[in-house]
Amino acid sequence: MEGLSHWETRLLGFCILCISLILHQTRAQEGFKSIQSCAQTNFTDPKTNISWTTDDQWYPNISSCQEISPPSKLRVFSSTVGNKWCYSLKTRKDEIYLLRGTFKAGELQKAPPGTSFDVLIDITSIAIVKSSEDAVVEGIFKANDKYTNLCLSKERGDPYLLKLELRPLNSEYLKEKPSIALKVIDRVDVGSTGAEIRYPDDLFDRIWRPEPGDNNVTASPMTNIAIVNASRALPPIQVLRTALTHPEQLQFLHNNLDTGFYEYELYLYFLELNESVQAGQRLFNIYINGHKVAEMDIMAFGSRYRMLVLNFTANGALNLTMIKAANGSQLGPICNAYEILQIRPWIQGTNQEDKDAIFNVRNELLAFNPNNKVVVSWMGDPCLPLPWDGLFCESRDNSSAISKLDLSFKDLQGPLPQSITKLQKLRELNMSNNHFSQVIPGFPSSSVLTSVDLSHNNFMGNIPDSLALLPNLVTLLFGCNKKLSKDVPENLYRSTLDTDKGVCGGRRSSHKAKRIVIGTVAGGLLLIVGVIGISFWIYKRKVTANRRKFDVKGHPLTKNAIYSISSMDEIILQSISIQNFSLDSIETATQQYKTLIGEGGFGPVYRGTLSDGQEVAVKVRSATSTQGTREFDNELTLLSAIQHENLVPLLGYCNENDQQILVYPFMSNGSLQDRLYGEAAKRKTLDWPTRISIALGAARGLTYLHTFSSRSVIHRDVKSSNILLDNTMCAKVADFGFSKYAPQEGDSAASLEVRGTAGYLDPEYYSTQNLTAKSDVFSFGVVLLEIITGREPLNIKRPRTEWSLVEWAKPHIRNSRIDEIVDPNIKGWYHAEAMWRVVEVALSCTETFSAYRPSMVDIVRELEDALIIETNASEYMKSIDSFGGSNRFSIERPIAILPTPLPTEPSPILSQPSPPQPR
């Protein structure tokens, strides 16, 4: 630039900068996707110059639109089939995006109170939207594919959407963290007294909220700081040119964080606006919720700009404080902007090959069946959080794969989708009883199909040789296709293949006589068992006819016959009846929810009486409950399939008018927690034999779950408040809302969300997210310590060394000083050997590493021995009491400490007072 003056050089530089900004703006908006729900036409916003499109290509039905304030309309997802609605948005793989949804509710007349729905990016939950407030939800994520789904999953009421915005972002977010997503909690332009700042000032269309304050507001001309805006990570110039300063302290309070212990990232932006300040003159310390986390000297590295990213954990609130350093700083703290981002684990969905294939199947089916309700409802991830109608999935290689496709009796027409042949893990295919036509496509030899049913359609041509030659195929049915050729491949006659050979009604071939005989015998046995069961039922009904009546409204029953093998190998037929109550009958039974007897994560629990006189506990999901429809369905499904004397039975449910209610027998003696250290009115001293009996009953209930014949069930929330006591003090394990089937071989053991209660949570499960039955064992060990000590598992009102029951009790046990931890209410009233048996079980259950913990089967055996010892001792002591009395005292004995296989990390029960999802 020779020959140019100083001012000409600056002017040229400024022009180049402006041109660069204009080009950058143009390129940035090319990556934008802005969708206005129910808009009649595409349009451009005059304020931002952003182009908006309608959502017709996703939802052309205008009947789901509601006017909220002319001319704005809201899309309400009530008329579409299914419980999940998605927008599939085009993205670039591995690029970082911001996705923003605006959910207008304040003026929506038809949204009932309590309406709520889950907002998901693919299958990762970002937020729960509630109708009680207008909401803007922002999530930052890394695209895994050329398309990303924004989905609304129904929790309670009908989801709705006003507008949706997708924006490419700079790569500073999620840097080296592809396995998480970020929920934007707040983005603050500190010191600003003007309007919010967004595009075109912010090229990525982040929205910066102004936050004026009583502190000193400092501004600087734009030209003085324009040169620092070369980094894409910076906020826009208009944000950086304002700041708050104070001679001593700055404080920013946020009380609107999500309830529950979540991890957060805090982005802090500092620009020294005073050009005279040198390094060492402005020093200040940064505190988060009272803990010092960083020291700041903006000028320490010769630059006027600094960005700092801090990680922290919080429950509901953030106190960000910046305090002038005491070691000679001349100036107080300064802050220009900050962002609060909540960390959400990125959930891996269906494997990409299956996802691509099934979406192609969907498109091929829609081409000939545009109004088919089942196919139209196929949105979002095919397998998670719930599989599409007709799909069955299984976990493989840390992702889900489609193993079965059953679209029988779905009134489908057109050709059989060619893309079905590309489902690499598909084992069962049933497309029978439809109107499919044209030829059957060929299948690759790599297919793992074992069963194919194409019968009762209108196929033509021949059965492909490639289908008959599939190496794993066991069953092939294609009868009742009138236009299909009678010539069949020779391979259909092999002995390993079960086929109808194209004969309508010829379900099985003659060479399967052996199977028919076996089937006949099995059918006869089932018939005999059925007759016995019916006879037993008739007899039982006659006996109880005068004692128990069903509801006068005649509520329907759902019955599931469960066969379980007892220890004596006797076959017992159990009939589990789950009653479907009407909302009216629930309100009558509870006298309009008159008597509140408890409150849990699901909602309040009321006492009631059914029409037959049975006392019940009625659990009603509250509108603000952190447990959703999945927990309700989970408990209903599980308790419809299992029954044990030490598990609380489910009598019935109500799912009417968006009310979700569960009905159980009333447990007159409350919970174990109530009896040990609950409210004074519920507390009652339990003697030592009764405590062992309660522990043994709960252990037997958990053993039944862990050894369930169908598939081991993990409770995931074992605690003393979930062990209920009936009128005979029989212990019954309750609350199965978080229960899961144990991972099987080939499954991923990683749990999508760590669930549990503070003080009971298995540290290995907490740190690795690998769920096993030994997680229940750890929690049960904590319950045993409660029984022994009469103390709660976590109490931060005690001295710091006694916060955690586990961490406090272990040293005493290992030093053989159990007298110091035993509940004073039972001191001198227990047999030492029985106490030591229980203490040692509790110690082994609460080992840090699950490999050192016993199984529930082993625990039951030890507790049975302890109860026998205690019972015999009690009888013996009674016999000698008449000869001068006795004194039952404990003895000391050494404890063997197992070697630690790996370096032990601090227990999260001690270092983190509450888990990520407390209840």
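The residues of the chain are indexed from 1 along the displayed sequence. Please read these numbers as outputs of a predicted model, since none were measured by experiment.
Look at Asp258 and Lys183 and you find a salt bridge, because one of the NZ, NE, NH1 or NH2 atoms lies within 4.0 Å of a carboxylate O, short of that distance. Using a 4.0 Å cut-off between charged nitrogen and carboxylate oxygen, Asp202 and Arg198 do not count as a salt-bridge pair. Salt-bridge check for Lys154 with Asp118: failed, with every basic side-chain N at 4.0 Å or more from each acidic carboxylate O. Under a 4.0 Å N-O distance rule, the pair Glu847/Arg853 does not qualify as a salt bridge. A salt bridge is absent between Glu263 and Arg344; no separation between the charged side-chain nitrogens and carboxylate oxygens falls under 4.0 Å. Using a 4.0 Å cut-off between charged nitrogen and carboxylate oxygen, Arg209 and Glu196 do not count as a salt-bridge pair. With respect to the salt-bridge test (charged N to carboxylate O, under 4.0 angstrom), the residues Asp717 and Lys719 qualify. The existence of a salt bridge linking Lys163 and Glu165 is excluded, since no basic side-chain nitrogen approaches an acidic carboxylate oxygen closer than 4.0 Å.
No side-chain donor-acceptor contact under 3.5 Å links Ser720 to the backbone of Leu672. Under a 3.5 Å cut-off, the side chain of Asp122 and the backbone N or O of Asn149 do form a donor-acceptor pair. Proximity of a side-chain donor or acceptor of Asp735 to a complementary backbone N or O of Asn722 within less than 3.5 Å is not detected. Looking at Asn315, its side chain never comes within 3.5 Å of a backbone N or O of Thr259 through a donor-acceptor pair. Asp189 places no side-chain N or O within donor-acceptor distance of the main-chain N or O of Ala337, the cut-off being under 3.5 Å.
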Compile the donor-acceptor pairs under 3.5 Å between side chains in residues 283-293 and protein atoms, sequence neighbours left out, one pair per line.
from	atom 1	to	atom 2	distance (Å)
Asn289	OD1	Asn319	N	2.8
Lys292	NZ	Glu295	OE2	2.9

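Rounding to the nearest 0.5 angstrom, the gap separating the CG atom in Asp762 from the CZ atom in Arg716 is 12.5 Å.
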Is there a salt bridge (charged side-chain N to carboxylate O under 4.0 Å, His left out) between Asp297 and Arg306? Walk through the geometry before answering. CA-CA 9 Å; Asp297 180 0; Arg306 289 282 299 277; over 6 Å; no

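Tyr338 and His254 have their aromatic ring centers within a separation under 6.0 angstrom. Taking the six-membered ring for Trp and the full ring otherwise, Phe778 and Tyr760 have centroids separated by 6.0 Å or more.
Ser850 is linked by a side-chain hydrogen bond (donor to acceptor under 3.5 Å, both in side chains) to Glu764, counting only residues two or more places apart in sequence or in another chain. Considering only residues two or more places apart in sequence or on other chains, Arg791 meets the salt bridge (charged side-chain N to carboxylate O under 4.0 Å, His left out) condition with Glu802.
Side-chain contact check for Lys740 versus Val713: every heavy-atom pair is 4.5 Å or farther apart. Using a 4.5 Å heavy-atom cutoff, the side chains of Tyr160 and Phe117 are in contact.
Between His812 and Trp808, the ring-plane angle classifies as tilted under the 30° and 60° cut-offs.
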